[in-house]
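A quick write-up on the structure given underneath.
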Amino acid sequence: MSEVIQASARRERTRQRLLDAAAEVFAEEGLDAASVEAICERAGFTRGAFYSNFESKDELFFELATRVSNEKLSAVTARLRELEASTDRPTHPAEIVGRLLDFETDDRLGVLILSEIRNHSLRDATLSASYLAWEDAMSARVARVIEDVARSSGLAPRMSADELARLFLMTWESASQRAVMMGLDNEALCAAVSDRMRALAEALVG
């Protein structure tokens with residue numbers, strides 16, 4: 001059993017090194033130019049190691065996108081739990097969103113990864129199906145956060161949690177892309193996204 005556990009741990013370390021290398025190569029060269037060979041060289045593995053963990057470069061980048069999104073949502077969820085346990089909980093929608101996002105939840109690389117995958121999916125039917133499934137899963141997670149916020153704060157959204165989640169994600173994506181295009185640094189990027197999200201929350205949550 002210990003050998004199985006060790007093998008599983010080694011496999012996970014290999015996957016994480018490949019993902020880390022992919023993020024670095026992507027940041028330097030872009031998604032199209034980030035070849036499997038370059039990723040393997042950066043990670044210190046062979047092509048065999050790559051294909052024993054990922055079926056394709058697209059699968060790797062979808063997992064990288066999932067990791068980026070999971071980190072954001074995990075950070076927001078952790079902040080929500082802190083607010084729920086606090087005796088000084090905000091009650092205004094914009095203030096709640098501001099408290100949930102008052103730390104760096106975005107960076108240029110994460111925005112570029114998600115944007116590139118979305119753009120590739122627009123041109124490829126197979127990728128489109130994978131992207132839509134990934135987007136649905138992310139929306140469901142955001143909807144659960146919204147339901148938790150509404151329950152703990154007594155707020156009443158003017159639309160369903162699912163609809164609000166999709167609108168929040170669309171707004172988050174648009175605001176972060178605009179911030180990157182403007183050349184903002186990570187701190188300013190996060191502030192711009194937070195401002196847009198607070199405005200949306202104030203408009204749609206009573």
Side-chain angles (χ1 to χ4, degrees), residues 1-79 81 101 103-142 144-145 169 172-173 176-177 179-181 183-190 193:
M1 181 63 70
S2 61
E3 292 181 359
V4 173
I5 295 174
Q6 291 175 0
S8 177
R10 284 196 300 271
R11 179 180 176 82
E12 182 58 26
R13 286 195 297 270
T14 298
R15 289 177 69 85
Q16 291 306 315
R17 282 176 59 182
L18 287 166
L19 287 167
D20 290 341
E24 293 175 3
V25 174
F26 172 80
E28 296 169 4
E29 303 180 10
L31 183 59
D32 284 329
S35 66
V36 170
E37 290 77 10
I39 293 168
C40 291
E41 181 178 353
R42 182 67 59 90
F45 293 123
T46 63
R47 285 173 60 90
F50 180 95
Y51 286 110
S52 68
N53 286 275
F54 302 99
E55 291 186 4
S56 65
K57 186 177 74 172
D58 289 331
E59 182 187 350
L60 179 146
F61 278 104
F62 265 112
E63 183 158 335
L64 186 58
T66 298
R67 184 170 77 170
V68 169
S69 300
N70 283 345
E71 288 173 353
K72 294 177 185 178
L73 282 177
S74 295
V76 170
T77 301
R79 181 58 61 89
R81 299 296 172 246
L101 300 178
F103 59 101
E104 292 194 7
T105 56
D106 289 282
D107 58 40
R108 182 176 182 276
L109 176 58
V111 174
L112 290 176
I113 289 171
L114 297 180
S115 297
E116 284 276 350
I117 290 176
R118 179 177 181 273
N119 290 339
H120 276 248
S121 298
L122 289 171
R123 301 189 295 269
D124 186 303
T126 301
L127 282 181
S128 293
S130 298
Y131 181 87
L132 290 173
W134 171 82
E135 189 179 65
D136 287 344
M138 291 303 303
S139 181
R141 287 192 61 188
V142 173
R144 288 195 293 272
V145 172
L169 287 173
W172 193 321
E173 180 180 31
S176 61
Q177 288 176 351
V180 168
M181 292 178 191
L184 302 183
D185 60 23
N186 287 350
E187 183 177 355
L189 186 159
C190 292
V193 172

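- Other residues, nucleotides and ligands contribute at most 12 non-hydrogen atoms within 6.0 Å of the CZ atom of Arg108.
- Considering every non-hydrogen atom in both Ser74 and Arg141, the closest pair reads OG-NH2, 4.1 Å.
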Which donor-acceptor pairs under 3.5 Å do side chains of residues 19-30 form with protein atoms, sequence neighbours excluded?
unit_1 : atom_1 : unit_2 : atom_2 : d
Asp20  : OD1    : Arg67  : NH1    : 3.1
Asp20  : OD1    : Arg67  : NH2    : 2.9
Glu24  : OE1    : Arg42  : NH1    : 3.2
Glu28  : OE1    : Arg42  : NH2    : 2.8
Glu28  : OE2    : Arg42  : NH1    : 3.2

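- Atom CD of Glu41 has 12 or fewer neighbouring heavy atoms from other residues, nucleotides or ligands inside a 6.0 Å radius.
- Taking CZ of Arg11 as the reference point, atom OG of Ser52 lies at 6.0 Å (rounded to 0.5 Å).
- Closest of all the heavy-atom pairs between Val145 and Thr77 is CG2-OG1, 3.8 Å.
- Listed for the Asp124 side chain is no donor-acceptor partner under 3.5 Å among the backbone atoms of His120.
- The backbone N or O of Ala34 sits less than 3.5 Å from a side-chain atom of Lys57, completing a donor-acceptor pair.
- Of the inter-residue distances, the one linking Glu63 atom CD with Asn53 atom CG reads 9.0 Å to the nearest 0.5 angstrom.
- Note that CG of Asp58 and OH of Tyr131 are 14.0 Å apart. Values are rounded to the nearest 0.5 Å.
- Atoms OH and OG1, from Tyr51 and Thr46 in turn, are 11.0 Å apart once rounded to the nearest 0.5 Å.
- Ion pairing between Arg118 and Glu173 holds under the 4.0 Å rule for side-chain N and carboxylate O.
- Put simply, CZ on Phe54 and CZ on Phe61 are 10.0 Å apart, with the number rounded to the nearest 0.5 Å.
- Thr14 places a side-chain N or O within 3.5 Å of a backbone atom of Arg10 that can act as its donor or acceptor partner.
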Verdict with reasoning, Leu60 to Phe50, per side-chain contact (heavy atoms from CB on, under 4.5 Å): CA-CA 9 Å; Leu60 179 146; Phe50 180 95; 3.3 Å; yes

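- Smallest separation of non-hydrogen atoms from Leu18 and Ile39: O-CG2, 3.8 Å.
- Residues Gln177 and Leu114 are not in side-chain contact: their nearest non-hydrogen atoms beyond the backbone lie 4.5 Å or more apart.
- Without hydrogens or angle criteria, Ser128 side chain to Ser121 main chain gives a donor-acceptor distance under 3.5 Å.
- Listed here is the closest heavy atom pair of Ser176 and Val111: CB-CG2, 3.7 Å.
- Going from atom CG of Asn119 over to atom CG of Leu112 covers 10.5 Å, rounded to the nearest 0.5 Å.
- Not one N or O on the side chain of Ser69 forms a donor-acceptor pair closer than 3.5 Å with the backbone of Thr66.
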